[in-house]
Chemist: 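I'd like to ask you about the structure that follows.
Positions are given from 1, in the same order as the sequence printed here.
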Amino acid sequence: MERSAQRLGRALVVVVDDRTAQGETDDSIGPLVTELLEEAGFIVDGSVVVRADIVEIRNALNTAVIGGVDLVLTVGGTGVAPRDVTPDATSGVLDRPVPGIGEALRSSGLAAGAVDAGVSRGLVGLSGSTLVVNLAGSRPAVRDGMATLSTLLPYVIGELSGLTAD
């Protein structure tokens, strides 16, 4: 049995951006990701903005997992700059990696011209029954990443909920 396309599950967006977290710029990525997740069939519990700080990111991820969401999507902080610590924070939350999804995101991002997606250190894995996905922070990386995820998420969420037939 497959989940309805209308209700794939619950999601939370975590935007990792120092300037936005400090109120210097408006969050333009969170609303975009929320819209794309809703189009994909998710109920989005909200969007949280945090600084590029391992403890803040990890706290946001743990809160989402404890809250029982099916998907936590982080955006930003996946590159090679010193402040890009999202994968480092995420690794401490994951129980099991799902590297194929991260590889698919990097490959499709690079093919689409989103260089930050192609060089992303972003991780994908499970924390309990929650799928955690790190996306690069540019709008092209987000759009391409969501296009790639839209084909994978119904299967993964279905597997996690026991609704996908073997």
Side-chain angles (χ1 to χ4, degrees), residues 1-17 27 29-50 54-78 85-109 111-112 114 117 120-137 139-166:
M1 176 180 8
E2 291 186 27
R3 283 186 175 217
S4 162
Q6 297 301 315
R7 280 190 31 183
L8 191 53
R10 289 177 42 229
L12 181 78
V13 178
V14 178
V15 176
V16 180
D17 186 281
D27 177 18
I29 292 293
L32 171 63
V33 177
T34 297
E35 178 182 333
L36 294 172
L37 282 170
E38 288 172 346
E39 287 175 7
F42 281 91
I43 298 166
V44 180
D45 285 2
S47 179
V48 178
V49 180
V50 298
I54 289 176
V55 173
E56 284 192 36
I57 298 165
R58 194 170 290 159
N59 286 344
L61 294 173
N62 282 327
T63 299
V65 170
I66 291 167
V69 298
D70 299 290
L71 171 68
V72 181
L73 196 65
T74 71
V75 182
T78 64
V85 297
T86 302
D88 308 291
T90 302
S91 68
V93 174
L94 298 181
D95 298 321
R96 296 188 303 164
V98 184
I101 296 174
E103 293 164 8
L105 292 169
R106 281 184 279 281
S107 178
S108 67
S120 171
R121 298 182 309 116
L123 299 178
V124 179
L126 302 173
S127 181
S129 62
T130 299
L131 180 66
V132 180
V133 178
N134 297 157
L135 286 181
R139 291 179 82 79
V142 167
R143 288 190 184 282
D144 179 75
M146 286 303 302
T148 300
L149 288 171
S150 68
T151 60
L152 302 172
L153 289 175
Y155 176 80
V156 174
I157 300 300
E159 286 279 300
L160 291 173
S161 66
L163 295 178
T164 301
D166 292 331

Chemist: As an exercise, state the distance from OG1 of Thr130 to CG of Leu71, rounded to the nearest 0.5 Å.
Modeler: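 The OG1 atom of Thr130 sits 8.5 Å away from the CG atom of Leu71.
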Chemist: Identify the heavy atoms of Arg106 and Ala117 that sit nearest to each other, and give their distance.
Modeler: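 Scanning both residues, the minimum pair turns out to be CG-O, 3.3 Å.
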Chemist: Considering all heavy atoms of both residues, which atom of Ser108 and which atom of Asp144 are nearest to each other, and what is their separation?
Modeler: OG-OD2, 2.8 Å
Chemist: With side chain to side chain contact (heavy atoms under 4.5 Å, CB included) as the criterion, how do Val75 and Leu32 come out once you've worked through the C-alpha distance, each side chain's angles and the decisive distance to 0.1 Å?
Modeler: CA-CA 11 Å; Val75 182; Leu32 171 63; over 6 Å; no
Chemist: Supply the atom-to-atom distance Ile57 CD1 to Asn62 CG, rounded to the nearest 0.5 angstrom.
Modeler: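 The distance works out to 12.0 Å.
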Chemist: Within a strict 4.5 Å, meaning less than it, do heavy atoms of the Leu126 and Leu131 side chains meet?
Modeler: yes
Chemist: Among Ile29, Thr34, Leu36, which residue meets the side chain to side chain contact (heavy atoms under 4.5 Å, CB included) test with Val13?
Modeler: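 Single pass found, and it is Thr34.
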Chemist: Of all heavy-atom pairs between Gly67 and Arg10, which one has the smallest distance, and what is that distance?
Modeler: O-NH2, 3.1 Å
Chemist: I'd like to know if the side chain of Ser107 reaches the main chain of Glu103, judged simply by a donor and an acceptor atom lying under 3.5 Å from each other, with no hydrogens or angles considered.
Modeler: no
Chemist: If I take atom CG from residue Leu73 and atom CG from residue Leu135, how far apart are they, to the nearest 0.5 angstrom?
Modeler: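 Leu73 atom CG to Leu135 atom CG measures 4.5 Å (nearest 0.5 Å).
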Chemist: Working note: Val98 + Val156, criterion side chain to side chain contact (heavy atoms under 4.5 Å, CB included); need CA distance, chi angles, decisive distance, verdict.
Modeler: CA-CA 10 Å; Val98 184; Val156 174; 5.8 Å; no
Chemist: If we only count heavy atoms from C-beta on, is the Leu8 to Pro154 side-chain gap below 4.5 Å?
Modeler: yes
Chemist: Measure the shortest side-chain to side-chain distance between Leu149 and Ile101 over non-hydrogen atoms and say whether it is less than 4.5 angstrom.
Modeler: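 Result yes, sub-4.5 Å side-chain heavy-atom pair found.
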Chemist: Given 3.5 Å as the limit, does a donor-acceptor pair link the side chain of Ser91 with the main chain of Asp88, or not?
Modeler: yes
Chemist: Applying the side chain to side chain contact (heavy atoms under 4.5 Å, CB included) criterion to Leu61, which one of Leu12, Val132, Val50 satisfies it?
Modeler: Val132
Chemist: As a test of understanding, state which of Thr86, Thr74, Thr78 forms a side chain to side chain donor-acceptor pair (under 3.5 Å) with Asn134.
Modeler: Thr74
Chemist: Rounded to the nearest 0.5 Å, what separation is found between the CZ atom of Arg139 and the CZ atom of Arg143?
Modeler: 5.5 Å
Chemist: Between Ser127 (side chain only) and Val93 (backbone N and O only), is there a donor and an acceptor less than 3.5 Å apart?
Modeler: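 Yes: the side chain of Ser127 pairs with the backbone of Val93.
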Chemist: Restricting to side chain to side chain contact (heavy atoms under 4.5 Å, CB included), what partner residues turn up for Val49, sequence neighbours left out?
Modeler: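 Partners of Val49 by the side chain to side chain contact (heavy atoms under 4.5 Å, CB included) criterion, ordered by chain and then number, come out as Val15, Thr20, Ala21, Asp27.
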Chemist: Please report the closest heavy-atom contact between Pro87 and Gly77, naming both atoms and the distance.
Modeler: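 Between these two residues, the closest heavy atoms are CD-O, 3.2 Å.
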Chemist: Starting at CD1 of Ile54, measure out to CG of Asn59 and round the result to the nearest 0.5 Å.
Modeler: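 It comes to 12.0 Å.
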Chemist: Using side chain to side chain contact (heavy atoms under 4.5 Å, CB included), reason through Thr63 and Val48 one step at a time and then give a plain yes or no.
Modeler: CA-CA 11 Å; Thr63 299; Val48 178; over 6 Å; no
Chemist: What closest approach, in Å, do Ala11 and Leu37 show between heavy atoms, and which atom pair accounts for it?
Modeler: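 Closest heavy-atom pair between Ala11 and Leu37: CB-CD1, 4.0 Å.
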Chemist: What's the shortest heavy-atom distance between Ala64 and Val72, and which atoms?
Modeler: CB-CG2, 3.4 Å
